[in-house]
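Heads up, the thing below is written out as structure tokens.
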Amino acid sequence: MLRISAFRLLGRTGASRLSLLEDFSLRHYSSDPLGVQDDTRDARAYFTTPIFYVNAAPHIGHLYSAVLADALCRYHRLRVPSAAATRFSTGTDEHGLKIQQAAAAAGLAPSELCDRVSAQFQQLFREADISSTDFIRTTEARHRMAVQHFWGVLKARGLLYKGLYEGWYCASDECFLPEAKVTRQPGPSGDLCPVSLESGHPVSWTKEENYIFRLSQFREPLQRWLRGDPQAITPEPFHHAVLQWLEEELPDLSVSRRSSHLHWGIPVPGDDSQTIYVWLDALVNYLTVIGYPNAEFKSWWPTTSHIIGKDILKFHAVYWPALLLGAGMSPPHRIYVHSHWTVCGQKMSKSLGNVVDPRTCLDRYTVDGFRYFLLRQGVPNWDCDYYGEKVVKLLDSELAFALGGLLNRCTANRINPSGTYPAFCTTCFPRSRHAGSAAMAHGPSRPAACGSLPDRGTNPHPLHRQADSQPLRHQGSSQVVFY
RNA sequence: GGCGGCGUAGCUCAGCUGGUCAGAGCGGGGAUCUCAUAAGUCCCAGGUCGGAGGUUCGAGUCCUCCCGCCGCCA
């Protein structure tokens with residue numbers, strides 16, 4: 001879809017904004033992978049990525065979420081150009097036992113660790129040209145206030161109660177587990193130790209008093225919400241998956257932990273012995289950003305679209321809507337779910353050593369190139385596979401040869417001696433923060449602007465590299481490339 | 001074991017709500033251009049739409065059974 005629309009944009013002379021938007025609305029691209037049929041057209045829209053846990057450096061899955069959200073956001077801006085109509089939030093999730101433990105291991109205060117890793121995410125998103133309007137960190141004061149207020153609302157509505165929880169608890173995963181999800185493995189001393197069936201992390205029998213959220217009460221309202229809005233969660237298989245979860249028993253949710261064990265978080269209002277469960281804490285960020293609990297947030301909620309990975313579907317499609325209903329609010333307008341990227345057919349993992357550094361990709365394939373690849377080759381419904389050759393071939397074929405070839409022909413002196421070009425529509429191509437973006441080039445200045453682009457010198461296949469092991473070379477040459 | 005999702009050209013995927021008896025990109029084969037970055041343009045081959053039944057005037061699309069993969073529950 002991007003190719004076609006880019007083609008059309010380039011081909012048009014003096015395209016007005018209105019006719020352009022009309023054109024878009026008239027076209028029927030059934031290949032649109034996200035099923036974006038924005039039925040709240042001309043309304044303001046608020047897009048969010050998940051907030052990313054700062055226990056590790058960002059990977060391409062994080063970037064993929066951000067790029068998807070960015071694309072949706074930019075698309076909405078094209079439809080509704082007013083600066084006040086679109087809002088896009090991303091950020092970092094900075095509370096939790098893992099952060100607490102990782103910081104201790106590194107000899108840092110948790111806040112120092114958070115500052116470092118959050119900065120990495122911010123840097124990545126800047127480099128990737130993610131046009132978010134907000135970046136939130138759950139350690140901010142406004143967030144603490146929002147969460148505590150939200151808690152107070154739930155409490156006032158009788159949806160929280162103190163309960164004694166007894167069961168297996170996994171500190172690493174920060175969750176309680178039913179017996180069925182626990183297995184035994186040989187421990188260091190040879191005896192069998194209980195571990196999580198999923199993660200393999202140790203679990204221990206825990207008996208403690210926590211605050212419990214009456215999640216079970218929302219099983220039917222959640223079902224009604226989803227059945228009443230088949231588009232609430234897309235793609236459709238994920239909608240089905242959530243409905244299936246709701247066919248089963250939905251037990252109440254423990255939403256706090258002992259402060260003596262977990263102190264890096266937000267204390268329960270009026271009870272310092274308990275810390276608010278990190279997922280409740282994290283999910284409220286979506287409200288914090290838009291001003292909750294001040295009344296202003298209502299102008300952005302619920303016209304909200306969450307872009308999430310499938311691994312956190314349950315939190316966003318079951319717990320979060322239930323919490324919102326409990327607090328007297330509507331669930332989000334849309335939840336767009338994407339799958340994961342594998343690398344050469346294998347899941348990324350540190351132990352395999354195949355984690356792909358997104359900043360390396362942005363450098364190697366250019367920012368727009370890698371963004372294009374993620375959007376063009378990504379299929380939300382399925383896990384998609386990344387390998388260097390695939391990226392290179394796609395960019396060569398579609399950007400360099402097809403689109404780039406068109407540009408070069410149009411700008412060649414033999415073909416266009418007067419150097420006359422249509423002006424770029426600035427609505428469609430807002431000034432990029434990246435120097436050298438071809439979109440900046442218009443009119444006679446194009447050659448000069450494009451001259452700053454990486455060129456291919458004498459190498460006929462500049463992006464053809466063996467298994468993304470060699471970086472693109474920049475050579476001094478008068479020839480330019482569209483990227 | 002129960003429930004749910006998925007299975008479309010060599011590869012990656014569109015094909016939503018039954019109706020030009022299936023398309024795109026890549027890959028493959030052929031032709032052509034030499035203007036522009038040794039690239040472009042055009043044409044072609046390639047599909048038991050997992051298998052078998054059924055409903056229907058008509059099914060990739062609906063129903064049943066079977067096979068395979070994935071997920072949830074037990």
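In what follows, every chain begins at residue 1, and chains take the letters A, B, ... in the order their sequences are listed.
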B:C6 and B:U17: how far apart are their P atoms, nearest whole angstrom? 11 Å
Spacing of the P atoms in B:G60 and B:U48 (rounded, Å): 13 Å
Minimum-distance nucleotide to A:Ile415 side chain [options: B:G7, B:C3, B:A36]: B:A36
Of the candidates B:G25, B:A14, B:C35, the side chain of A:Glu398 sits closest to B:G25
Checking contacts here: which listed nucleotide (B:C3, B:C6, B:A36) is nearest the side-chain heavy atoms of A:Trp382? B:C6
Taking atom P of B:G40 as reference, at what distance in whole Å does atom CG of A:Leu399 sit? 13 Å
Given atom OH of A:Tyr387 and atom P of B:G27, what is their separation to the nearest angstrom? 11 Å
Below 4.5 Å, heavy atoms only, C-beta onward: do A:Pro237 and A:Trp382 meet side chain to side chain? no
Sticking with atom C1', work out how far B:G46 lies from B:A9, rounded to a whole angstrom. 6 Å
Distance, P atom - from B:C70 to B:A39, rounded to whole angstrom: 41 Å
Would you call A:Leu325 and A:Leu222 a side-chain contact if the rule is heavy atoms closer than 4.5 Å? yes
How long is the gap from CG on A:Asp385 to CH2 on A:Trp341, to the nearest 0.5 Å? 8.5 Å
Nucleotide nearest A:Trp245 when distance is taken to its side chain, options B:C72, B:C35, B:G7: B:C72
Distance check needed: B:A36 C1' versus A:Leu407 CG, whole Å only. 10 Å
Does a side-chain heavy-atom distance below 4.5 Å link A:Arg257 with A:Tyr169? yes
Are side-chain heavy atoms of A:His62 and A:Pro358 found at a separation under 4.5 Å? no
Give the rounded distance in Å between these two atoms: NZ of A:Lys393 and P of B:G27. 6 Å
Between B:C6, B:U12, B:G25, which one does the side chain of A:Gln377 approach most closely? B:U12
Does a side-chain heavy-atom distance below 4.5 Å link A:Trp320 with A:Val284? yes
Selection from B:G40, B:C6, B:G71 that lies nearest to any side-chain heavy atom of A:Phe401: B:G40
Can you tell me, in whole Å, how much space there is between the P of B:C16 and that of B:A52? 22 Å
If we take the P atom in both B:C67 and B:G28, what is their distance in whole Å? 39 Å
Considering only the P atoms, how many Å lie between B:G15 and B:U8, rounded to the nearest integer? 13 Å
Assign each of A:Lys314 and A:Ser397 the nucleotide of RNA chain B bearing its closest heavy atom; nearer the 5' end lies the nucleotide of A:Ser397
Rounded to whole angstrom units, what separation is found between the CD1 atom of A:Ile233 and the P atom of B:G5? 15 Å
Identified ring pair (Phe, Tyr, Trp, His ring centres under 6.0 Å) counterpart of A:His306 within the set A:Tyr286, A:Phe88, A:Tyr336: A:Tyr286
Without decimals, in angstroms, what is the distance between A:Asp396 CG and B:G27 P? 10 Å
As a test of reading the structure: which of B:C72, B:C13, B:G5 is closest to the side chain of A:Pro237, going by heavy atoms? B:G5
Any idea which of B:C73, B:A36, B:G25 is nearest the A:Glu248 side chain? B:C73
Determine which bases of RNA chain B form Watson-Crick or G-U wobble pairs with both distances under 3.5 Å, and write the result as a 5' to 3' dot-bracket string with | for other-strand partners. (((((((..((((.....[...)))).(((((.......))))).....(((((..]....)))))))))))).
Starting at the 5' end of RNA chain B, which residue's closest nucleotide do you reach first, A:His240 or A:Lys390? A:His240
For atom CG of A:Asp311 and atom C1' of B:G71, their distance in whole Å: 14 Å
Rounded to whole Å, please give me the gap between CG in A:Asn381 and P in B:C6. 8 Å
With A:Leu362, which of A:Asp129, A:Asp368, A:Leu124 fulfils side-chain contact (heavy atoms from CB on, under 4.5 Å)? A:Leu124
Can you check whether A:Val255 reaches A:Ile276 side chain to side chain, under 4.5 Å on heavy atoms? no
Within the pair A:Arg414 and B:A36, is there a side-chain N or O less than 4.0 Å away from OP1 or OP2? yes
Using atom C1' in both nucleotides, what's the gap between B:A24 and B:C65 to the nearest angstrom? 34 Å
